[in-house]
Undergrad: 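Encoded as structure tokens, here's the structure I'll be asking about.
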Amino acid sequence: MSGITPLQADVLAEQRGAAAAPAAPKKRRVGRPRRGLAWQIALYALLLALAAIYIAPFLVQLATSVKTDADAAADPMSLVPNPLTWAAYERLFLNSDFPVWFANSAVVTVFVTAGRVFFNSLAGYALARLRFRGRGVVFAALVAVMAVPTVVLLIPKFLVINQLGIYDSYAGMILPLLVDAAGVFIMKNFFESIPPSVEEQARIDGAGSFRIFWSVVLPMARPALITIVILSFQGSWNELSHFVISTQSPELTTLTKGVASLASGQLSQGSQFPLKLAAAAIMTIPVAVMFFIFQRRIMNASEGAVKE
Amino acid sequence: MLVILGVFLLIPVLMALWVSFSDWSGRGSPLASTVGFVGLDNYAAVTTESGLARRDFGIALRNNAWYVLLVVPLQTALALFLAVLVNRAVLRGRGFFRTAFYFPSVTSSVAITVLWLFLFSTSGAINEVLSWLGINGPNWFNDPSGVLHNLLGVFGVTTGPEVLTGNDFLGVSWWDWAAGPSVAMSAFILMAIFTTSGTFMLLFIAGLQNIGADVEEAAMMDGANAWQRFWRVTLPQLKPTLFTVLTLGLIGTWQVFDQIYTGTQGGPAKTTLTPAYLSYDSAFISQQWGQGAAIAFVLFVIIVAFTILQRWILRDRPVSRRRARQYEVKGGRS
């Protein structure tokens, strides 16, 4: 999604949750009048129906990816493939550029995530603690940048990538994504919540600024760093527009770009929905795994369980 | 790191601003001496001079305006509804429901669009479900007709009054502005609601958790029913969250790009063209860099304007007399 990514919104949720002061008390309604059983049943029926609507598309997707083209067209709602075939997956992995796309996405995601964890925390720390000239200006610029929509930045980004001579290279794909304003903002907020006395002790013991940052403050920042990891992983794995404007050669195609070209008909005659849906499903797996690993964190973020 | 921020974010914007005032053709550096300054020509081409560029921009704005108009209120309302449903402390399987509603938000817009193209294809799942209800579903992504026009067509109205058809704004007649989103765009609208309601649900849950139970209990003691408690007690306290959700929604919906790039590339009959996609298309495909940059900046102004407008509408106001009366104790001193 361009612009505000879902997780950026999560972080806002998190900050809101954190602003809720120490441990927002769990709401427990005392003396609540007993609801009729019918009400309860209606509520659960409604919730289950809604959940079914939200989950069904993904089940249909998985089922269709193991169908034949004819079956997918004839019986689109059926969750039982008839006959079951792995042809779409075989074709993707053995007979197309799909593995290249996957590898590119993985490379970019790993570098961007590692880079963001390092640079965002460094920049956040500098803004939170170090006194230097122009700090106010830098911070104002940061907020201004967060307000500019990504789409508006497409042409500007291309211009700079072109000028620096890194168009159509890994450098052009990775470097511009290494820092994100929202991430710096999160880290800055976190570092400001750490009492300065902690650092003063280290300073008295003779540690320099970077040393304090690296061995004292950064280990304390784990919860915020995990947030950055989730954000960057999802952000760079799902990124499309940046790769559209920074690359053109087939060997640098990422999953998002490749699957998008698949959707508009490359590689296929006819609709070939099983193939396309299989590609989209594989593409969803890494973020889904990430989501289920950090699920508690993502979901609890909204309950103020994480203090930043 | 601040250097990277500057190099990739600040300088580029200034460069693009220059491009939007120039006749750069995409070759060489935009700062070279051969590139001429053309003033506001690029802006004029998309806003005042009648021509294809202006018409395309008008159509794109029309399409996106309907998208914003429908997506923002619906996603906000649905997210709030889901949040209230799953926020009950006594609810069993809260985690499961939250996960189910949130999961679409983590998947990439490309993957979701591919799925949507299948679900909404002519022989797809949506049309099959509609056929169970005896409805002959449309050929979603190939149907350029506006849903409001279709609705009027049911009542036999197929052409608009002269006032609307005869006058235009940005090269698109008022009658066409009022066509509503095309059937193809409606599918994208449903998709946006599907993918974003979970995220905003989390924001609302956070907001709900921050409201202490005491005020609501006091209202309960005063005899307010569940409906009154929600509208008069809970919702006003959710205002900061509502504010965030609406702002994020407005910013997000005004820059639809990934879905259009993956799905329809603006078709059918340009009815899913959006300013964001048009800006990309003008610059990178048609090599009209100046116009592409100009569209991007106009879009930026629109987003800023809407954000300010929304802030102004939702600002804190003194309670009006009519409203205050609703809260007065009835049957007190009369």
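The chains referred to below are lettered A, B, ... by the order of the sequence lines, with proteins before strands, and numbering in each begins at 1. Both backbone and side-chain heavy atoms feed into the values below; hydrogens, waters and symmetry mates do not.
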Undergrad: I'd like to verify something: which residue of B:Thr262, B:Val110, B:Val245 has the highest number of heavy-atom pairs under 4.5 Å with chain A?
TA: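 It is B:Val110.
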
Undergrad: Ring pair (Phe, Tyr, Trp, His ring centres under 6.0 Å) with B:Phe306: which residues, sequence neighbours excluded?
TA: B:Trp254

Undergrad: Return the minimal non-hydrogen interatomic distance between B:Ala125 and A:Met77, and the atom names on each side.
TA: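 For B:Ala125 and A:Met77, the tightest heavy-atom pair comes out as CB-SD, 3.5 Å.
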
Undergrad: So what's closer than 4.5 Å to chain A heavy atoms on B:Val304: side chain, backbone, both or neither?
TA: neither

Undergrad: Quick check on B:Ile295 against chain A: is it the side chain, the backbone, both or neither that has a heavy atom closer than 4.5 Å?
TA: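 Interface part for B:Ile295: neither.
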
Undergrad: Once you round to the nearest 0.5 Å, how far does OH of A:Tyr44 lie from CG of B:Leu85?
TA: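 Rounded to the nearest 0.5 Å, the OH-CG separation comes to 11.0 Å.
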
Undergrad: Flag the pair A:Val151 / B:Phe300 as yes when at least one side-chain heavy-atom distance between them is below 4.5 Å, and no otherwise.
TA: no

Undergrad: Closest approach of A:Thr150 and B:Gln255, non-hydrogen atoms and distance?
TA: N-OE1, 3.4 Å

Undergrad: For B:Ala283, give me all partners under side-chain contact (heavy atoms from CB on, under 4.5 Å), at least two apart in sequence or on another chain.
TA: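 With sequence neighbours excluded, B:Ala283 shows a side-chain contact (heavy atoms from CB on, under 4.5 Å) to A:Ile155, B:Trp289, given in chain and number order.
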
Undergrad: Side chain from CB out, backbone as N, CA, C, O: work out which of these in A:Leu48 comes under 4.5 Å of a heavy atom of chain B, or both, or neither.
TA: both

Undergrad: Minimum heavy-atom separation for B:Ser108 to A:Met283, with atom names?
TA: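 For B:Ser108 versus A:Met283, the nearest heavy atoms are OG-CE, 3.1 Å.
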
Undergrad: Contact part of A:Thr64 toward chain B, heavy-atom cut-off under 4.5 Å: side chain, backbone, both or neither?
TA: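 Side chain only.
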
Undergrad: Taking CZ in B:Arg311 as the centre, count heavy atoms belonging to other residues, nucleotides or ligands within less than 6.0 Å. Is the count above 12?
TA: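 No, the 6.0 Å shell around CZ holds no more than 12 heavy atoms from other groups.
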
Undergrad: Of all of B:Tyr277, B:Phe103, B:Phe97, B:Phe118, which one pairs up most often with chain A through heavy atoms under 4.5 Å apart?
TA: B:Phe118

Undergrad: Can a donor-acceptor pair be found, under 3.5 Å and without considering hydrogens, that links the side chain of A:Asn238 to the backbone of B:Val106?
TA: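 The answer is yes, because a donor-acceptor pair under 3.5 Å joins these two groups.
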
Undergrad: Tell me, out of B:Thr113, B:Leu299, B:Thr99, B:Leu117, who's got the most heavy-atom pairs with chain A below 4.5 Å.
TA: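 Of the candidates given, the most pairs with chain A belong to B:Thr99.
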
Undergrad: Quick check on A:Thr284 against chain B: is it the side chain, the backbone, both or neither that has a heavy atom closer than 4.5 Å?
TA: side chain

Undergrad: Does any backbone or side-chain atom of B:Leu250 lie under 4.5 Å from a heavy atom of chain A? Answer side chain, backbone, both or neither.
TA: neither

Undergrad: For A:Ile55, is it the side chain, the backbone, both or neither that has a heavy atom under 4.5 Å from a heavy atom of chain B?
TA: side chain

Undergrad: Would you sort out whether B:Val114 and A:Leu262 count as a side chain to side chain contact (heavy atoms under 4.5 Å, CB included), showing the intermediate values?
TA: CA-CA 9 Å; B:Val114 171; A:Leu262 206 63; over 6 Å; no

Undergrad: Measure from the side-chain N and O atoms of B:Tyr280 to the backbone N and O of A:Ile245, and report whether any donor-acceptor pair falls under 3.5 Å.
TA: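 Judged by distance alone, no pair lies under 3.5 Å.
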
Undergrad: Restricting to non-hydrogen atoms, name the atom on B:Leu115 and the atom on A:Pro57 that form the minimum distance, rounded to 0.1 Å.
TA: CD1-O, 3.6 Å

Undergrad: So for A:Gln163, is it side chain, backbone, both, or neither that comes closer than 4.5 Å to the heavy atoms of chain B?
TA: side chain

Undergrad: Against chain A, label B:Tyr261 side chain, backbone, both or neither, depending on which of its atoms sit under 4.5 Å from a heavy atom there.
TA: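 Just the side chain, heavy atoms under 4.5 Å.
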
Undergrad: Quick one: of A:Pro76, A:Ala280, A:Ala288, who has the most non-hydrogen atom pairs under 4.5 Å with chain B?
TA: A:Pro76

Undergrad: Taking A:Thr256, A:Ile53, A:Leu255, A:Val287 one by one, which has the highest count of heavy-atom pairs under 4.5 Å against chain B?
TA: A:Thr256

Undergrad: Need one label for A:Phe292: side chain, backbone, both or neither, based on atoms under 4.5 Å from any heavy atom in chain B.
TA: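 For A:Phe292, the contact with chain B is made by the side chain alone.
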
Undergrad: Examine whether an atom of A:Leu43 lies under 4.5 Å from a heavy atom of chain B, and if so say whether it belongs to the side chain, the backbone or both; otherwise answer neither.
TA: side chain

Undergrad: Side chain to side chain contact (heavy atoms under 4.5 Å, CB included) between A:Tyr54 and B:Leu82: does it pass, once the steps are laid out?
TA: CA-CA 12 Å; A:Tyr54 274 83; B:Leu82 293 177; 3.6 Å; yes

Undergrad: Flag the pair A:Asp75 / B:Glu128 as yes when at least one side-chain heavy-atom distance between them is below 4.5 Å, and no otherwise.
TA: yes

Undergrad: For each of B:Trp116, B:Trp24, B:Phe284, tally heavy-atom pairs with chain A at distances under 4.5 Å, and name the one with the top tally.
TA: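 If we count pairs closer than 4.5 Å to chain A, B:Phe284 comes out on top.
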
Undergrad: Measure across B:Phe257 and A:Ser241 and return the closest heavy-atom pair with its distance rounded to 0.1 Å.
TA: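 Closest heavy-atom pair between B:Phe257 and A:Ser241: CE2-CB, 3.7 Å.
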
Undergrad: Considering only heavy atoms and a distance below 4.5 Å, find which of A:Val244, A:Leu47, A:Leu46, A:Val152 pairs most often with chain B.
TA: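 Top option by heavy-atom pairs under 4.5 Å: A:Leu47.
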
Undergrad: Can you tell which of B:Phe101, B:Phe96, B:Phe204 has the highest number of heavy-atom pairs within less than 4.5 Å of chain A?
TA: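 Winner by heavy-atom pair count: B:Phe101.
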
